[in-house]
Amino acid sequence: MFYVHAVPLRNAAALLLAAVALVGATAPAHRAPGDPAAVSAKLSEWKVELSKRSVAAGSVTFTVENVGSIPHAFEVEGQGIEQETAVIQPGSSATLTLTLKPGTYEVYCPVGEDSHKKLGMETDLKVVGATSSKSSAYGESEMSEAPARGEKAQAIRVTSGGPVIQILPGPFPFPDSAAPILKQFGDEREGLESQVKNGPYSNNVTPISGSFTFAAWDKGAVRDSVDGVAEFTTQDGARWRLALDRVQTKDVPHHPRFGGVILGLYYHGNTQVHTPLVPTINSAVALWAFGHLYKNGALVTDNAMVHVMLLSRTRRDGDFALACWDCSKNKIDELQLQILPGPGEPKFDAPGGFLFVNWEKSSSAKPAS
Ligand SMILES: [Cu+2]
């Protein structure tokens, strides 16, 4: 997985500043016994930054600021301790004072059953014997950990199965549940509210036929990739073919801050990650890609915007109405394919101008390497 905000340059500048600061650093200031150590923390999408990576054992006060745009929280876990703040709204702060023994502690955002943690909101804190405290600046964690994390490649192969349904425009069936979440979506709210009235997250479905198989690789950094083909015949008899060969790295309307391939994530709905117009689900894979789309053998576009998920089932057997607002405990077998026109391209010649297709009994495996 990777993040699409334009932070790398700023990070690079911060790292340079941090390096300069480290060169100029002198011996750490001693504090009187009994004085709590102070650590400040910044939460944002999707990272946790600590002012220090290492503190002396004893009482430690964390001052935590949410500098992001959605609610977060702060948890410290390790050496038998597991303590967290309440949820912190964007622009607000909280403090947490703990007595910490020497050892390594995991520091992360616990919102969304670890979905924020999986998206990158985690780091660690070393607590050392009281006399050998050493502090360092923001940014050192990225220097020491990013390369190791980038090597972690995971892969999945997904095969479609079961009934195939095309989702047609219609009202979203959980408007009361979605309303409080939509309030936090700022600029996006208007578009989402029109999708509540008549959009692609509806109970208005029709059985069709087709198949979809793909393999996807989550390689960290910017090397995620995908390879797959979907073929289906829509309600109107049109034959569609979609070839996937490259992941998408820029913001997608209504899918901000995401790109590439993410394996194993719990999100949507009330976790406030991603569009709230999908119930809360657990996913084996979520990916964003560009696709080559053909209709009846003729190329429609090389830039179709594609979002794919294999997720815990959201729809009923039989009539395929959305059946739950929190579907995260259900079996993971629903394969969703969502295809939208590329930026500036005309709507597809299909109801609502989009192609949303589900395969209701799909499966996944690790691909042979
Ligand atoms: Cu968070």
Side-chain angles (χ1 to χ4, degrees), residues 1-7 10-11 14 39-53 62-78 81-96 98 105-125 138-139 141-142 145-146 149 177-178 180-189 192 218 220 251-252 254-260 262-283 286 288 309 311 325-326 328:
M1 108 185 109
F2 50 82
Y3 317 113
V4 296
H5 274 200
V7 290
R10 228 171 48 204
N11 275 352
V39 176
S40 51
K42 289 180 184 171
L43 309 177
S44 59
E45 300 83 43
W46 304 99
K47 60 188 176 186
V48 175
E49 294 173 288
L50 300 178
S51 60
K52 298 171 179 160
R53 296 298 313 290
F62 297 91
T63 303
V64 186
E65 188 183 1
N66 181 355
V67 298
S69 55
I70 64 173
H72 296 294
F74 181 84
E75 177 156 343
V76 177
E77 185 177 336
I81 280 188
E82 191 168 356
Q83 293 289 327
E84 64 185 81
T85 65
V87 167
I88 307 168
Q89 296 300 320
S92 296
S93 296
T95 60
L96 184 66
L98 302 172
Y105 294 78
E106 207 182 359
V107 177
Y108 60 95
C109 173
V111 166
E113 309 245 342
D114 286 354
S115 62
H116 288 198
K117 186 180 173 185
K118 281 186 177 173
L119 288 163
M121 294 191 69
E122 62 170 333
T123 185
D124 56 50
L125 177 72
Y138 284 110
S141 63
E142 276 112 321
E145 282 175 12
R149 191 170 295 174
S177 301
I181 297 166
L182 292 185
K183 284 202 189 97
Q184 308 189 0
F185 269 71
D187 292 349
E188 278 195 280
R189 187 177 158 188
L192 289 167
D218 180 351
D251 272 1
V252 183
H254 311 302
H255 302 132
R257 308 179 191 106
F258 287 86
I262 304 178
L263 298 182
L265 188 63
Y266 174 106
Y267 71 141
H268 282 301
N270 57 26
T271 64
Q272 292 151 344
V273 178
H274 201 274
T275 175
L277 296 181
V278 172
T280 299
I281 54 89
N282 204 350
S283 79
W288 290 261
M309 282 184 298
L311 69 159
W325 175 241
D326 181 349
S328 59

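Just follow the structure's listing: the first ligand is 1, and inside any ligand the first atom is 1. This chain uses plain numbering: 1 for the first residue, then up along the sequence. Computed over heavy atoms, backbone and side chain alike; hydrogens, waters and symmetry mates excluded.
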Chemist: Would you say the side chain of His72 lies within less than 4.5 Å of the side chain of Ile88, judging by non-hydrogen atoms?
Modeler: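 Counting from C-beta outward, Ile88 and His72 never come under 4.5 Å.
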Chemist: Are Tyr108 and Glu75 side-chain neighbours, meaning at least one heavy-atom pair lies under 4.5 Å?
Modeler: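 SC-SC contact between Tyr108 and Glu75 confirmed.
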Chemist: Quick one: list whatever passes ring-ring contact (aromatic ring centres under 6.0 Å, His included) with Phe74, sequence neighbours left out.
Modeler: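 If we apply the ring-ring contact (aromatic ring centres under 6.0 Å, His included) test to Phe74, skipping adjacent residues, the hits are Phe62.
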Chemist: Between CD of Glu82 and CD of Glu77, what distance do you get to the nearest 0.5 Å?
Modeler: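 Those atoms lie 4.0 Å apart.
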Chemist: Mind listing the protein N/O/S atoms less than 2.8 Å away from the Cu ion (ligand 1)? Waters don't count.
Modeler: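 Listed by chain and number, the nearby protein N, O or S atoms are His72 ND1, Cys109 SG, His116 ND1.
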Chemist: Would you say the side-chain atoms of Ser40 and Glu65 include a donor-acceptor pair closer than 3.5 Å?
Modeler: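 Note: Ser40 and Glu65 side chains miss the donor-acceptor criterion.
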Chemist: Hey, is Glu106 close enough to Lys117 for a salt bridge, meaning N to O under 4.0 Å?
Modeler: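 Yes, charged N to carboxylate O under 4.0 Å.
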